[in-house]
Peer 1: 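Dumping the structure here so I can ask a few things about it.
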Amino acid sequence: MGNIFSRLFQRLFGNKEVRVLMVGLDNAGKTTLLYRIKEGSMIKTVPTIGFNMEQIEVNNLKMQVWDLGGQTSIRPYWRSYYQKQEALIFVVDSNDRERFSTAKTELLSILQEEELKNTVIAVFANKQDLPEAASAAEVSLALGLDSIKDRTWTIISTSAAKGDGIAEGFEWIASQLKH
Ligand code: GDP
Ligand code: MG
């Protein structure tokens, strides 16, 4: 009952809170990104055990951003958080060319998850501040993003370290989810 009223309230007042799932290989910069958006400043991170969640508001849209640990050993547990996610952020370390193919495999398997089939997808080509980083175009090619059909996706150049591109990324997500 309470749930029905809270949903009605959310409809009427546009107070919708959407869930955004942030995934990617370990070391891609997910936790740094999450704290970037929350604190607006760089903090020292420790490798994620389990998950973190922060609530943010972008253009009047409230978002729960879930950062799941990326270590291979806990990747099977990602599945428990898939339900009701409306957007997917796939973070890539653009400087880690050796693992682009692993990232591609991971992304493709996530996109096949039944619970995630309606999510919009924002690929963050992160660590753009590093001089040797692959461009967003290179990352897009290496991950085969052009072959993603029937899904709404984009790729955005980000630097979690510098704070670049993150606002644009979340604004794109907000614009996709607002209608
Ligand atoms: P996670 O495993 O995906 O959560 O990655 P972390 O957020 O823990 O980041 C892994 C490492 O990459 C840390 O040493 C971060 O400081 C570093 N890092 C994250 N984002 C960036 C970035 O945009 N540029 C640079 N140069 N380093 C970054
Ligand atoms: Mg982490």
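In listed order, ligands and their atoms are each counted from 1.
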Peer 1: Ignoring hydrogens and angles, write down the donor-acceptor pairs under 3.5 Å from the side chains of residues 141-150, residues two or more places apart or on other chains.
Peer 2:
unit_1: Ser147; atom_1: OG; unit_2: Gly144; atom_2: O; d: 2.7
unit_1: Lys149; atom_1: NZ; unit_2: Asp146; atom_2: O; d: 3.1

Peer 1: Decide yes or no for Arg97 and Glu138: does some side-chain heavy atom of the first lie under 4.5 Å from some side-chain heavy atom of the second?
Peer 2: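 Yes, side chains in contact.
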Peer 1: With respect to Lys30, determine whether any N or O atom, backbone or side chain, lies less than 3.5 Å from an N or O atom of ligand 1.
Peer 2: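 Between Lys30 and ligand 1, an N or O pair is found under 3.5 Å apart.
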Peer 1: Taking N or O atoms only and a 3.5 Å limit, does Lys127 qualify as a polar contact for ligand 1?
Peer 2: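 Yes, Lys127 has an N/O under 3.5 Å of an N/O on ligand 1.
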Peer 1: In terms of side-chain geometry, is the basic nitrogen of Asp26 or Arg99 positioned less than 4.0 Å from the acidic oxygen of its partner?
Peer 2: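 Salt bridge flag = yes for Arg99 with Asp26.
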Peer 1: Would you mind listing which atoms of ligand 1 come within a distance below 4.0 Å of any non-hydrogen atom of Thr31?
Peer 2: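 Counting atoms of ligand 1 from 1, those under 4.0 Å from Thr31 are 4 (O), 7 (O).
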Peer 1: With heavy atoms of Ala160 as the reference, note each atom of ligand 1 found under 4.0 Å away.
Peer 2: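 Per the distance check, 20 (N), 22 (C), 23 (O).
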Peer 1: Under the criterion side-chain hydrogen bond (donor to acceptor under 3.5 Å, both in side chains), I'd like the reasoning laid out for Ser159 against Asp129: C-alpha separation, chi angles, the key distance, then a yes or no.
Peer 2: CA-CA 6 Å; Ser159 166; Asp129 57 290; 2.9 Å; yes
Peer 1: Is ligand 1 under 4.0 Å from a heavy atom in the side chain of Thr32, in the backbone, in both, or in neither?
Peer 2: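 Near ligand 1, Thr32 shows its backbone as well as its side chain.
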Peer 1: The criterion is salt bridge (Lys or Arg N to Asp or Glu O under 4.0 Å); which residues satisfy it with Arg151, sequence neighbours excluded?
Peer 2: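 Testing Arg151 for salt bridge (Lys or Arg N to Asp or Glu O under 4.0 Å), a comparison that skips the adjacent residues, returns none.
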Peer 1: Check whether any N, O or S atom of Thr31 sits under 2.8 Å from the Mg ion (ligand 2).
Peer 2: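 Checking the Mg ion (ligand 2) against Thr31, an N, O or S atom does fall under 2.8 Å.
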Peer 1: By number and element, which atoms of ligand 1 are closer than 4.0 Å to a non-hydrogen atom of Leu130?
Peer 2: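 Near Leu130, meaning under 4.0 Å from one of its heavy atoms, ligand 1 has 26 (N).
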Peer 1: Can you find a pair of side-chain heavy atoms, one from Phe124 and one from Leu33, that are under 4.5 Å apart?
Peer 2: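 A side-chain contact exists here, since the closest heavy-atom pair is under 4.5 Å.
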Peer 1: Quick check: does Thr158 get an N/O under 3.5 Å from an N/O on ligand 1?
Peer 2: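 The answer is no, given that Thr158 and ligand 1 share no N or O pair closer than 3.5 Å.
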Peer 1: Pick from Leu61, Val58, Thr119: which one makes a side chain to side chain contact (heavy atoms under 4.5 Å, CB included) with Leu177?
Peer 2: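 Result: among Leu61, Val58, Thr119, Leu61 is the only option passing the side chain to side chain contact (heavy atoms under 4.5 Å, CB included) with Leu177.
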Peer 1: Is the shortest distance from a heavy atom of Ala28 to ligand 1 less than 4.0 Å?
Peer 2: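 Heavy atoms of Ala28 do come under 4.0 Å of ligand 1.
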Peer 1: Show me which atoms of ligand 1 lie under 4.0 Å from any heavy atom of Asp26.
Peer 2: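 Ligand 1 atoms under the 4.0 Å threshold to Asp26: 2 (O).
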Peer 1: Considering only NZ, NE, NH1 and NH2 on the basic side and carboxylate oxygens on the acidic side, decide whether Lys127 and Asp93 come within less than 4.0 Å.
Peer 2: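 Looking at Lys127 and Asp93, the cut-off is met.
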Peer 1: Within the 4.0 Å heavy-atom shell around Asn126, which atoms of ligand 1 are there?
Peer 2: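 Reading through ligand 1 atom by atom, the close ones are 20 (N), 21 (C), 23 (O).
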